[in-house]
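Below, chains carry the letters A, B, ... as their sequence lines are ordered, and counting in each starts from 1.
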2 protein chains.
Amino acid sequence: MEINELPKLHSDFSVDCVIFGFDKGELKILLIERAEEPFKNFMALPGNFVYDNEDIDGAAGRILRELTSLSDIYLEQLYTFGEVNRHPQGRIITVAYFALIKVKKHILNPQVAFARKAEWYSVADVPALAFDHSKIFEKAYKRLQSKIRYQPIGFELLPEKFTLSQLQQLYEVILEKPIDKRNFRKKILSFGLLVELDEKQKNVSHRAAKLYKFNKSRYNNLKKMGFSFEL
Amino acid sequence: MEINELPKLHSDFSVDCVIFGFDKGELKILLIERAEEPFKNFMALPGNFVYDNEDIDGAAGRILRELTSLSDIYLEQLYTFGEVNRHPQGRIITVAYFALIKVKKHILNPQVAFARKAEWYSVADVPALAFDHSKIFEKAYKRLQSKIRYQPIGFELLPEKFTLSQLQQLYEVILEKPIDKRNFRKKILSFGLLVELDEKQKNVSHRAAKLYKFNKSRYNNLKKMGFSFEL
DNA sequence: GCAAAAGTGTTAACTTTACACCCATGT
DNA sequence: ACATGGGTGTAAAGTTAACACTTTTGC
């Protein structure tokens, strides 16, 4: 079927999700392969139309649940893309969302309604995407890079228990620059937001590192009192 | 006419603009009085449906041009509000925009299509607004307060030529805290983004202050090279 | 015993903060 | 001559940046 033979849809809105994960020292995003025209066989951001009886935030949450079978995911609205000709089937604006997930905890649903398959791509290696999704991805990536410096969102990408080196590596990968180990530890511990656990790494062929977890409720309390996280 | 007798519209989208101005030492926003149901006679953010043949950014620009007859206005997308029941006439999501204007330069259009009148309100004194517009205003105000600290957008609210005291007062009003005069001047001049003019204030009953203007092209150049404005 | 990453302090450079008086102008 | 806001410098406190070696563990 040719693109210009596709049926026109009425004016409507969709959501698309830029889902970041961190695995094996690399920052990744989750893409789906489109099973249908338009852009059949292209990779695209997971997305869907918003149902009449759901909030747009709810639609984004639904996409994430369908893909990952989990619902405790960091999710925030990114930006709305509404150029007249962004969608070949009509005047469709899309509200883009930005999600951070703990890769290990989430098993990808092998078959979802809107896609043939879902796959993780390194952000350095994202192919040409359907629609204006490359533009959406770029904007999300920039948002992650700036937001991680003033909000403690990096923890959303790590397992519940993590080492300081893992955390540092996450920052180095996202900010694309090396960070001094001692200065990083001093700074991040000075916030008092990390809880040192009575537990160490296992099965590593070197000195095992202490594990930490992020104290989210403490962060929320401090934030109310005007505390500002600033890396 | 009762609200529940209003005709239902099909699924659609609108834009609403939070337009900030600074006048007589006060931060203001521009509101319109609604001439029609729903929320007839309530004050509301200027807004309108997006036409089928215009980008959403274009629709926001159109609202501003209709209200102010000018088009060189700072405008950025704020957030999209899409709760199912936010609009009594149907499933209408709205993309909110955030604008900063130089009050003196803009003459308000006394009569625009969508309103009976337009008026400036001090942000400390905003009445209950139609729809979810109070929520939109709150979000815009917070965005202004945080953004002004890391982007030189304050200048968009001042006349072309301004004194350092006017600039300082603008920051004090927006950030809701006093700032030390000497430290402020040292900091703001250290960026090298202000041009000292060969001109002084007129008609003031005290020593006349030097006038400055903001060097926008220099800021754009520095920004490309990684410079970051941080108050 | 060696490879690999964990863990740890000090100093110099820089930035931020606190603070008070004289100057120019109009009335 | 007085009222009003304009304009200016310094020192102490705090923060950031640069830098190298010892420890633990598995193989």
Side-chain angles (χ1 to χ4, degrees), chain A residues 22-26 148-150 152 158-159 161-173 175-213 222 226-231, chain B residues 22-26 148-150 152 158-159 161-173 175-213 222 226-231:
Chain A
F22 184 69
D23 193 28
K24 304 189 185 68
E26 279 190 310
I148 202 168
R149 288 185 302 146
Y150 64 89
L158 291 175
K161 303 169 181 181
F162 51 85
T163 69
L164 293 183
S165 293
Q166 285 166 347
L167 185 61
Q168 179 177 342
Q169 191 192 24
L170 173 68
Y171 275 95
E172 288 178 328
V173 167
L175 298 175
E176 299 179 300
K177 67 171 191 206
I179 301 175
D180 178 88
K181 182 160 63 160
R182 280 176 288 189
N183 293 338
F184 177 78
R185 286 170 183 234
K186 231 179 303 166
K187 186 73 181 269
I188 206 91
L189 290 172
S190 75
F191 296 129
L193 293 172
L194 295 185
V195 180
E196 188 180 327
L197 302 171
D198 278 337
E199 211 176 331
K200 297 202 165 181
Q201 272 184 313
K202 295 248 158 61
N203 307 316
V204 286
S205 70
H206 54 76
R207 177 174 175 179
K210 283 180 203 156
L211 290 170
Y212 290 81
K213 67 183 173 69
L222 287 172
F227 163 82
S228 108
F229 179 93
E230 193 73 64
L231 197 88
Chain B
F22 184 68
D23 192 28
K24 304 191 185 70
E26 281 190 309
I148 202 166
R149 288 185 303 147
Y150 64 90
L158 290 176
K161 302 170 181 180
F162 52 85
T163 69
L164 294 182
S165 292
Q166 285 167 347
L167 185 62
Q168 180 177 342
Q169 191 192 22
L170 173 67
Y171 275 93
E172 288 179 328
V173 166
L175 299 175
E176 298 179 300
K177 67 171 193 205
I179 301 175
D180 179 88
K181 183 161 62 160
R182 279 176 290 192
N183 293 339
F184 177 78
R185 286 169 184 234
K186 231 179 302 168
K187 187 72 181 271
I188 205 92
L189 289 173
S190 74
F191 297 130
L193 293 172
L194 295 185
V195 180
E196 186 180 328
L197 301 172
D198 278 337
E199 211 175 330
K200 297 201 165 180
Q201 272 185 315
K202 294 248 157 62
N203 306 317
V204 286
S205 70
H206 53 76
R207 176 172 175 179
K210 284 179 203 158
L211 291 169
Y212 290 81
K213 66 185 174 70
L222 287 172
F227 163 83
S228 107
F229 179 93
E230 195 72 66
L231 196 87

NZ on K213(B) to CG on L158(B), rounded to 0.5 Å: 14.5 Å
Whole-Å gap separating P (dA5(C)) and CD (Q166(A)): 13 Å
F22(A): ring pair (Phe, Tyr, Trp, His ring centres under 6.0 Å) partners, not counting sequence neighbours: none
Ring pair (Phe, Tyr, Trp, His ring centres under 6.0 Å) partners for Y150(A), two or more places apart: none
DNA chain D: 5'-most and 3'-most nucleotides touching chain A, 4.0 angstrom heavy-atom criterion: dT16(D) to dG26(D)
Sugar-phosphate only, base, or nothing, as touched by S165(A) at under 4.0 Å among non-hydrogen atoms: sugar-phosphate
Sequence neighbours excluded - salt bridge (charged side-chain N to carboxylate O under 4.0 Å, His left out) pairs with any residue from residues 185-195 of chain B: none
First of S205(B) and Y212(B) reached from the 5' end of DNA chain D, by closest nucleotide: S205(B)
Any residue meeting side-chain hydrogen bond (donor to acceptor under 3.5 Å, both in side chains) with E230(A), in chain and number order, not counting sequence neighbours: none
F229(A) and F191(A) aromatic ring geometry - parallel, tilted or perpendicular at 30°/60° bounds: tilted
Scan nucleotides 16-19 of chain C against the protein and return all N/O pairs shorter than 3.5 Å with their distances rounded to 0.1 Å.
| unit_1 | atom_1 | unit_2 | atom_2 | d |
| --- | --- | --- | --- | --- |
| dA18(C) | N7 | N183(B) | ND2 | 3.0 |
| dA18(C) | N6 | N183(B) | OD1 | 3.1 |
| dA18(C) | N6 | K186(B) | NZ | 3.4 |
| dC19(C) | N3 | R182(B) | NH2 | 3.2 |
| dC19(C) | N4 | D180(B) | OD2 | 3.3 |
| dC19(C) | N4 | R182(B) | NE | 3.4 |

Side chain proximity check, Y212(A) to I188(A), heavy atoms < 4.5 angstrom: no
Sugar-phosphate only, base, or nothing, as touched by K210(B) at under 4.0 Å among non-hydrogen atoms: sugar-phosphate
Whole-Å distance separating the CZ atom of F184(B) from the P atom of dT15(C): 18 Å
Step-by-step side chain to side chain contact (heavy atoms under 4.5 Å, CB included) determination, L194(B) to F162(B): CA-CA 10 Å; L194(B) 295 185; F162(B) 52 85; 3.9 Å; yes
Helix axis bend for the helix from dG1(C)-dC27(D) to dT27(C)-dA1(D) - C1'-based end axes, five pairs, 10° rounding: 0°
Atom pair distance, as rounded to whole Å: CD in Q168(A) and C1' in dG7(C): 12 Å
Non-neighbouring partners of R149(B) that pass side-chain contact (heavy atoms from CB on, under 4.5 Å), sequence neighbours left out: S146(B), L175(B)
I179(B): partners by side-chain contact (heavy atoms from CB on, under 4.5 Å), with sequence neighbours left out: Q168(B), Y171(B), E172(B), F184(B)
In a table with atom names and distances, give each donor-acceptor pair under 3.5 Å that connects a side chain of residues 198-209 of chain B to protein atoms at least two apart or in another chain.
| unit_1 | atom_1 | unit_2 | atom_2 | d |
| --- | --- | --- | --- | --- |
| E199(B) | OE1 | K161(B) | NZ | 2.9 |
| E199(B) | OE2 | K161(B) | NZ | 3.3 |
| Q201(B) | OE1 | A209(B) | N | 3.1 |

